[in-house]
Protein chains: 2
Amino acid sequence: MSDVAKAAGVSRATVSYALRGDPRIAAATAEKIRQAAQKLHYNANISARSLRSGRSGIIGVAIYELDRPYPSEMSAAMSREIARRGYQPIVQQTSGSKDDEIMILQKVTSQLCDGMIFSPGQVSDEELRALSHGKPMVLLDDISPDPVFDSVNTACEDGSAAAVRHLIDIGCKHVVVVGPSYDMLLDDKMASSVVGRRMTGCLRAFEEAGVDVDASNFLPLEHWDPIPAREAAYRLLDSDDYRDADGVFCMTDTIAISFMRGLADRGVRVPDDIALVGFDGVTESEYAVPSLTTVRTDLDDLARRTLDLLIDRINANVGGAGIDATGGTGDNAGDGLAFPDAPQRLTAAWELVKRESTRR
Amino acid sequence: MSDVAKAAGVSRATVSYALRGDPRIAAATAEKIRQAAQKLHYNANISARSLRSGRSGIIGVAIYELDRPYPSEMSAAMSREIARRGYQPIVQQTSGSKDDEIMILQKVTSQLCDGMIFSPGQVSDEELRALSHGKPMVLLDDISPDPVFDSVNTACEDGSAAAVRHLIDIGCKHVVVVGPSYDMLLDDKMASSVVGRRMTGCLRAFEEAGVDVDASNFLPLEHWDPIPAREAAYRLLDSDDYRDADGVFCMTDTIAISFMRGLADRGVRVPDDIALVGFDGVTESEYAVPSLTTVRTDLDDLARRTLDLLIDRINANVGGAGIDATGGTGDNAGDGLAFPDAPQRLTAAWELVKRESTRR
DNA sequence: TTGTAGGCGTTATCAC
DNA sequence: GTGATAACGCCTACAA
């Protein structure tokens, strides 16, 4: 910074002001400084800035299973939206264990980032509050009963209901939901977990159609992974309970595609013998053979809503403008409106995309 | 840190030493300090550490198109391996433009990270050197003629040759390679680009089989994306040049799966009418119907080799041990061997996985 | 084996 | 509108 100051014939403080677009600096001076910085390949040191001001201009995304289509497409959408708002995105994988989630939050995200987007796996809301160090955080698909943070959710209930309704509409007599166990109905987490809310949606659709529901309408999956999902198809075909199943709703596209592969292993035709619906709307679902009907979450809308919330909180924290005065289109939803302190809870746009797997 | 020092009854310096496992501190003292830190939820501030020592304990992965299966599976593998070695992984998406790649390197990766793993799109090796600020970097699939950095590559030539050979072996009379254009042979970048090297492998296989090659053996693709790949299938079927094509090698699995979808749109059967081979070995390839024969890159091996190189360079930079004395299994390949200064160039393990798409 | 002191590159608070 | 100066929290000679 000293070098730039010298080259531009000003003091270091002036360089700092000019580079961050402080209006106090004369336009001509600022331009001269910017050019000097450019020529010297100068870039402000993030560590120093963060140490001194507590702001880094970085927003972090921490997500489970970066190698699966849905999380990776979601991270990509978040990254794009973060960059569009003049922040630097970083993505981190929370590979399952609770300790790992905690470590990521402690060691990098909460320290380095001005705000975080987190898809909680194991950590509770209360623990998160302690780990957040007071930094703004928006949670994804967090359904805890009394939320501590803003959150944006996928349309678990409505989406699942639409999926099951669609199967019934096309004439399925025995619809099976792959993922949750029937016993879950007894669970007190029905309202506070993603599975529970999706199951609730399914039940609503069954009820509206006048379908009586029992254990034979659910095929539980220990892990929502490709291998168990593929094997679940064998279980469906081998068990008497599901013998007349003619429609299946899988709780994620990845499950649906693996399940479909399992059906293909046994020569069962989709949609002729069994119709199939997924959830997420990953790219893959469009290119599968047959292409997969699915409840598509609008990831761009999800990202937009998430960042609306997060950036409002970040600005509320300091009561000022963003760190990068040059970058922003500055549409921080709701200018001038005081941001409410109570955690907000939004739902991303979605649609039922009808494709070959339910074409009859 | 002062609080921890007070709680443990030592000075701040002692806390710093103890927490990083400096052998000078007595084991009992160190333990006492660790417990105090734990109780107070103390974590060293990365910004301050990085500012003072130049080391952050973070390794960055910068990669193109985080929302595609191959890059996302690769990032996940890298993240796991980075964590396994006691560093914190962060992933960034370089969404295409050269400016974006530069910005990512300038603004965060090169500043914040002790080392970087980069899959270069538009930026030249020389530009990278300037942007790296002397920090170690390992490139992925960088084939520049005189490399500046270590790199780890996929088996472009051998893998492609194996793919084409396999198609010929199962009896294909007219093999078409989807991706590069025949004109590329005239290009001087044959040896220094991924496409070029994969094409070279194809040509070798053709030659070894005594097959004469012309433009009808190549179906060029403007962008290696699903939509153009799907349409490429229509082009193949509609053009007289490819009328008798009975085997297709696609340069990535994503292309192959989209291409296969295009064939299905026209009712062409795989493998009966046309056999198909992909490249990468993404999870999706195993669950496609029919499952896809592919040249699978061993991502764990790729990650291992990449981090062997990178961590050796990081340690050479400071001539010491890793930042986290507790974390490492410490198998930094080749103990005691002086690390050569010349850029290394390694190739990841791979295998041809034969599946239904070439079963005849 | 432990304590002391100075500085890493910024930004914020003052004067001017 | 600009310049001097003191922190931010940590690391590391060096002294004890």
Side-chain angles (χ1 to χ4, degrees), chain A residues 1-6 8-33 36-37 40-58 106-108 110-112 114 133-134 318-325, chain B residues 1-6 8-33 36-37 40-58 106-108 110-112 114 133-134 318-325:
Chain A
M1 196 155 111
S2 298
D3 297 341
V4 176
K6 203 171 297 170
V10 297
S11 78
R12 283 160 53 215
T14 306
V15 173
S16 174
Y17 288 132
L19 257 28
R20 278 174 304 141
D22 190 299
R24 280 180 296 182
I25 306 298
T29 316
E31 181 54 29
K32 197 170 56 184
I33 291 174
L40 297 175
H41 297 292
Y42 169 78
N43 264 281
N45 180 308
I46 291 190
S47 298
R49 164 178 295 175
S50 167
L51 182 58
R52 173 64 231 223
S53 71
R55 310 194 73 210
S56 63
I58 297 175
Q106 276 184 338
K107 289 232 177 134
V108 357
S110 73
Q111 286 200 22
L112 234 45
D114 295 345
H133 286 283
V318 290
I323 198 164
D324 184 351
Chain B
M1 196 154 114
S2 298
D3 297 341
V4 176
K6 204 172 295 170
V10 296
S11 79
R12 286 159 53 217
T14 308
V15 172
S16 174
Y17 288 131
L19 257 27
R20 278 173 307 134
D22 189 301
R24 280 180 295 181
I25 307 299
T29 315
E31 181 54 28
K32 197 169 57 185
I33 292 173
L40 297 174
H41 297 291
Y42 170 80
N43 264 281
N45 179 307
I46 291 190
S47 298
R49 165 178 292 177
S50 166
L51 184 56
R52 171 62 230 226
S53 71
R55 309 195 72 206
S56 62
I58 297 175
Q106 274 184 338
K107 288 232 176 135
V108 356
S110 74
Q111 286 199 21
L112 235 44
D114 295 345
H133 287 283
V318 290
I323 199 162
D324 184 350

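- Across all strands shown, A:T29 has heavy atoms under 4.0 Å from sugar-phosphate atoms exclusively, and none from any base.
- Residues A:I25 and A:A30 approach most closely at CG2-N, 3.9 Å, considering heavy atoms.
- Within 4.0 Å (heavy atoms only), B:S50 reaches no atom of the nucleic acid at all.
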Would you list the protein and nucleotides 14-16 of chain C atom pairs, both N or O, that sit under 3.5 Å from each other?
none

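- A:R24 meets the salt bridge (charged side-chain N to carboxylate O under 4.0 Å, His left out) test with A:D22; sequence neighbours excluded.
- When the side-chain nitrogen and oxygen atoms of B:T14 are compared with OP1 and OP2 of C:dT2, none of them lie within a distance under 4.0 Å.
- Residue-level contact check: A:D3 touches neither bases nor backbone, having no heavy atom under 4.0 Å from any strand.
- Qualifying side-chain contact (heavy atoms from CB on, under 4.5 Å) partners for A:N43, counting only residues two or more places apart in sequence or in other chains: B:Q106, B:K107, B:Q111.
- Among the atoms of the strands shown, base atoms are found under 4.0 Å from some heavy atom of A:L51.
- Under the side chain to side chain donor-acceptor pair (under 3.5 Å) criterion, A:Y42 pairs with no residue at all, not counting sequence neighbours.
- The nucleotide range of DNA chain D contacted by chain B, defined by atoms under 4.0 angstrom from heavy atoms of the protein and reported 5' to 3', is D:dG9 to D:dA13.
- The side chain to side chain donor-acceptor pair (under 3.5 Å) search around B:T29 returns none, not counting sequence neighbours.
- Side-chain contact of A:R12 with A:S16: a donor-acceptor pair under 3.5 Å is absent, judged by distance alone.
- Between A:Y42 and B:G9, the one whose closest nucleotide on DNA chain C sits nearer the 5' end is B:G9.
- Pairing each heavy atom of A:I33 with each of A:A8, the nearest pair is CG1-CB, 3.9 Å.
- A straight line from CZ of A:R12 to C1' of C:dG9 spans 7 Å, rounded to a whole angstrom.
- Separating the CG atom of A:L19 from the P atom of C:dA12 is a distance of 14 Å, rounded to the nearest angstrom.
- Look at B:S11 and you won't find any side-chain N or O under 4.0 angstrom from OP1 or OP2 of C:dT2.
- When heavy atoms are screened at a 4.0 angstrom cut-off, B:A13 is found touching base atoms of the nucleic acid.
- Looking at residues two or more places apart in sequence or on another chain, you find a side chain to side chain donor-acceptor pair (under 3.5 Å) between B:T14 and B:S11.
- Axis deviation across the helix from C:dT1-D:dA16 to C:dC16-D:dG1 amounts to 30°, comparing end segments of five pairs, rounded to 10 degrees.
- Taking A:S50 as the reference, B:S47 meet the side chain to side chain donor-acceptor pair (under 3.5 Å) condition, with sequence neighbours excluded.
- Legend: residues meeting side-chain contact (heavy atoms from CB on, under 4.5 Å) with B:R52, ordered by chain and number and at least two apart, are absent.
- Judged by distance alone, with hydrogens and angles left aside, A:R52 brings a side-chain donor or acceptor within reach of the base of C:dT11, the pair sitting under 3.5 Å.
- Remark: A:R49 CZ to A:R20 CZ distance equals 6.5 Å, nearest 0.5 Å.
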